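Inspection log for the structure reproduced underneath, given as structure tokens.
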There are 2 protein chains.
Amino acid sequence: MKQDLRVKKTKKAIRHALLRLVDKKTFARISVSDICDEAEINRGTFYLHYTDKFDLLEKIQQELLDHLWMIVTTRMTEKINVLTEKPDTLKIFATELFHYLDQEADLFYMLLVNTVDPSFHNRLKGLIQKNMERLSHPAEEPVSFHVDYVMAYVTSAIVGMLQHWLANGRKIPPEEMALLVVKINLNGPMKMMSGE
Amino acid sequence: MKQDLRVKKTKKAIRHALLRLVDKKTFARISVSDICDEAEINRGTFYLHYTDKFDLLEKIQQELLDHLWMIVTTRMTEKINVLTEKPDTLKIFATELFHYLDQEADLFYMLLVNTVDPSFHNRLKGLIQKNMERLSHPAEEPVSFHVDYVMAYVTSAIVGMLQHWLANGRKIPPEEMALLVVKINLNGPMKMMSGE
DNA sequence: GATTATAATCAACACAGTGTTCATTAAGCA
DNA sequence: TGCTTAATGAACACTGTGTTGATTATAATC
């Protein structure tokens with residue numbers, strides 16, 4: 001499953017070119033030609049690897065989401081109610097997640113902060129939700145009336161905080177961010193606004 | 001300030017054409033030619049009113065945001081802490097908002113659910129935040145450490161619920177939605193998940 | 001280190017869509 | 001009704017697309 005060195009090199013060049021371009025103009029205004037000029041590769045080479053610029057973006061996204069899901073499923077093994085009883089475990093896990101986000105911050109910034117593709121937000125929310133469902137007990141009977149709305153609320157809120165974190169230069173360290181996310185979800189936002 | 005009937009007619013045709021097209025393919029894949037074919041107008045006519053398809057989208061967005069802001073500023077006059085003490089007033093106001101969203105649901109659906117432009121989410125969150133800041137007392141001293149993150153949390157969460165509402169055919173009536181948004185923000189999502 | 005496989009390049013292609021023009025036709029306005 | 005201006009249709013040069021076939025360059029394999 002190893003890749004030819006040349007392939008690795010051009011794919012890397014293409015990604016970095018895209019990252020640079022996305023700072024200058026909207027993804028919608030970026031052409032395949034732009035990307036190839038910036039990456040200093042032949043345009044034909046681009047089409048050897050991707051069908052178009054959307055395909056390129058799609059593959060970047062899928063890779064990030066796959067990695068996130070891998071972290072989540074291999075490291076977050078206990079059920080959700082056990083986790084809320086053991087906030088330390090939860091915090092350790094959340095920290096690990098934020099470290100990955102920090103590591104791939106350039107790409108996440110492009111996808112979540114720059115005006116690139118709205119669907120990534122939704123896919124990320126989907127991942128969070130899938131994970132919450134995976135961790136909740138199946139026999140979690142009565143539940144509130146509009147669970148789906150609460151889900152939409154929580155997942156969007158988390159992605160929103162992530163976006164804010166990335167947009168503001170990730171000044172808060174991963175550990176603190178993780179704690180903040182956990183706390184605000186447990187207490188609710190209003191309680192956070194007034195007192196500590 | 002009246003518009004020529006012909007102008008009104010073509011602008012309407014263009015909007016409806018866009019709404020129809022957006023159901024079939026991504027905005028990125030829709031061309032000005034597509035829109036004109038669908039609207040049954042000459043392509044030159046399109047350029048009489050908009051510089052390109054992005055300009056068209058931008059004008060639709062601005063109009064909706066302006067209207068939202070108008071509702072918010074003219075109807076929501078009391079300060080936020082007064083409002084939380086009078087949940088009825090808050091509910092009446094939120095209901096009015098949701099009625100407007102319901103009325104223009106096609107456009108909001110396009111902008112928030114269909115894969116069109118990620119920036120609208122942010123602009124909407126910006127509007128919500130601007131309004132919250134407008135309503136909060138200036139001397140609201142100590143406040144929690146990371147107010148900005150709580151803001152990002154709340155605004156994203158609200159837009160997320162909106163998105164879900166639109167995506168699911170707006171089955172919940174505006175009144176109930178308004179109540180749900182208010183309640184979940186006051187109690188926090190976790191309390192909503194377990195019991196009522 | 002020579003051989004082999006294949007990635008990258010280059011030039012060329014037809015094609016789709018853009019944004020603008022100008023003369024002509026049609027529709028709203030007063 | 002006549003005046004004004006919006007909409008049309010055809011043409012324009014131009015940018016970018018996606019694909020091709022032949023050629024060169026560079027990893028991988030022996």
Side-chain angles (χ1 to χ4, degrees), chain A residues 1-63 110 114-119, chain B residues 1-63 110 114-119:
Chain A
M1 256 286 122
K2 278 199 76 177
Q3 282 229 75
D4 193 308
L5 276 191
R6 289 168 293 182
V7 175
K8 268 175 88 174
K9 205 179 121 196
T10 52
K11 282 192 176 176
K12 202 173 187 177
I14 288 173
R15 282 192 184 207
H16 281 92
L18 180 61
L19 279 171
R20 262 172 276 136
L21 286 171
V22 143
D23 266 349
K24 293 182 218 147
K25 44 178 161 173
T26 305
F27 183 74
R29 306 268 191 196
I30 295 172
S31 65
V32 173
S33 300
D34 288 339
I35 298 171
C36 296
D37 286 353
E38 181 73 29
E40 294 185 286
I41 60 156
N42 192 274
R43 197 161 57 85
T45 310
F46 181 93
Y47 290 109
L48 241 44
H49 301 292
Y50 308 102
T51 64
D52 53 31
K53 63 171 178 169
F54 305 107
D55 185 43
L56 164 61
L57 204 61
E58 161 61 29
K59 279 176 178 153
I60 294 174
Q61 295 185 21
Q62 196 55 57
E63 220 171 89
M110 170 175 80
N114 279 333
T115 228
V116 168
D117 175 17
S119 76
Chain B
M1 256 284 120
K2 277 200 77 177
Q3 282 229 74
D4 193 308
L5 276 192
R6 289 169 292 181
V7 176
K8 270 174 86 174
K9 205 178 123 196
T10 52
K11 284 193 175 175
K12 200 173 189 178
I14 288 173
R15 285 192 182 207
H16 281 91
L18 180 62
L19 280 171
R20 262 173 275 135
L21 287 171
V22 144
D23 267 348
K24 292 183 218 148
K25 43 178 161 174
T26 306
F27 183 73
R29 306 267 189 196
I30 295 172
S31 66
V32 173
S33 299
D34 287 339
I35 298 171
C36 296
D37 286 353
E38 181 73 30
E40 295 185 285
I41 60 155
N42 192 275
R43 198 162 57 85
T45 310
F46 180 94
Y47 290 108
L48 242 44
H49 301 293
Y50 308 102
T51 64
D52 53 31
K53 64 171 179 170
F54 304 107
D55 185 44
L56 164 62
L57 204 59
E58 161 61 29
K59 281 178 175 151
I60 294 174
Q61 294 185 22
Q62 197 55 57
E63 219 171 90
M110 171 174 79
N114 279 333
T115 228
V116 168
D117 175 18
S119 77

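These figures come from a predicted structure and were not determined experimentally. When reading the values below, keep in mind they use all heavy atoms of this one structure, side chains included, and skip hydrogens, waters and symmetry mates. Numbered from 1 within each chain, the chains take letters A, B, ... in sequence-line order.
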### Query
How close or far is atom P of D/dT5 from atom CG of B/L48, stated in whole angstroms?
13 Å

### Summary
So CG of B/L19 and CD1 of B/I14: to nearest 0.5 Å the spacing works out to 12.5 Å

#### Entry: d(NZ, B/K9; C1', C/dA26) in whole Å
11 Å

### Message
Need to verify one output field. Residue with the more 5' nearest nucleotide on DNA chain C, A/R29 or A/I41?
### Response
A/I41

### Task
Check whether the side chain of B/R43 and the base of C/dG19 form a donor-acceptor pair under 3.5 Å.
yes

### Query
Side-chain N or O of A/T10 less than 4.0 angstrom from OP1 or OP2 on C/dA8?
yes

### Query
Is A/H16 close to A/K12 at the side-chain level, that is, under 4.5 Å between some pair of heavy atoms?
yes

### A/K25 atom NZ, neighbour heavy-atom count above 12 within 6.0 Å
yes

### Message
On the nucleotide D/dT17, are OP1 or OP2 found under 4.0 Å from the side-chain N or O atoms that A/S33 carries?
### Response
yes

### Message
Can you see if the side chain of B/S31 gets near the phosphate of C/dA16 - specifically, an N or O under 4.0 Å from OP1 or OP2?
### Response
no

### Query
Any idea which heavy atoms bring A/A13 and A/A39 closest together, and the distance?
O-CB, 3.6 Å

### Task
State which of D/dA6, D/dG18, C/dG19 makes the closest approach to the side chain of B/V7.
D/dA6

### Task
Apply the test side-chain contact (heavy atoms from CB on, under 4.5 Å) to residues A/Q62 and A/E58: give CA-CA distance (whole Å), side-chain angles for both, the deciding distance (0.1 Å), then the verdict.
CA-CA 6 Å; A/Q62 196 55 57; A/E58 161 61 29; 3.5 Å; yes

### Pairwise distance CD(A/Q3) to NZ(A/K9) - rounded to 0.5 angstrom
14.5 Å

### Task
Would you mind reading off the distance between A/N42 atom CG and D/dT19 atom C1', rounded to a whole angstrom?
13 Å

### Task
Can you tell me the distance, in whole Å, between the CG atom of B/L56 and the P atom of C/dT18?
12 Å

### Message
Please report the distance, rounded to the nearest Å, between CZ in A/F46 and P in D/dG16.
### Response
14 Å

### Euclidean distance, atom CG of residue B/L5 to atom C1' of C/dA26 [Å, nearest integer]
14 Å

May I have the list of side-chain donor-acceptor pairs in residues 41-57 of chain B shorter than 3.5 Å, sequence neighbours left out?
from  : atom 1 : to    : atom 2 : distance (Å)
B/N42 : OD1    : B/G44 : N      : 2.8
B/T45 : OG1    : B/N42 : O      : 3.4
B/D52 : OD1    : B/F54 : N      : 3.1
B/D52 : OD1    : B/D55 : N      : 2.9
B/D52 : OD2    : A/R29 : NH1    : 3.4
B/D52 : OD2    : A/R29 : NH2    : 3.3
B/K53 : NZ     : B/F27 : O      : 2.8
B/K53 : NZ     : B/A28 : O      : 3.3
B/K53 : NZ     : B/I30 : O      : 2.9
B/D55 : OD2    : B/T51 : N      : 3.1
B/D55 : OD2    : B/K59 : NZ     : 3.1

### Message
Could you write out DNA chain C as dot-bracket? Rules: Watson-Crick or G-U wobble, both distances under 3.5 Å, brackets [ ] for crossings, | for pairs with another strand, dot for unpaired.
### Response
||||||||||||.|||||.|||||||||||

### Query
Taking atom C1' of C/dG28 as reference, at what distance in whole Å does atom CZ of B/R6 sit?
5 Å

### Message
If I take atom CG in residue B/D37 and atom C1' in nucleotide D/dT8, what distance separates them, rounded to the nearest angstrom?
### Response
14 Å

### Message
If you compare every side-chain N and O of B/H49 against the phosphate oxygens of D/dA6 (OP1, OP2), does one of them come in below 4.0 Å?
### Response
no

## Note on the structure
Sorted by position of nearest nucleotide on DNA chain C, 5' first, the leading residue of A/K8 and B/K53 is A/K8

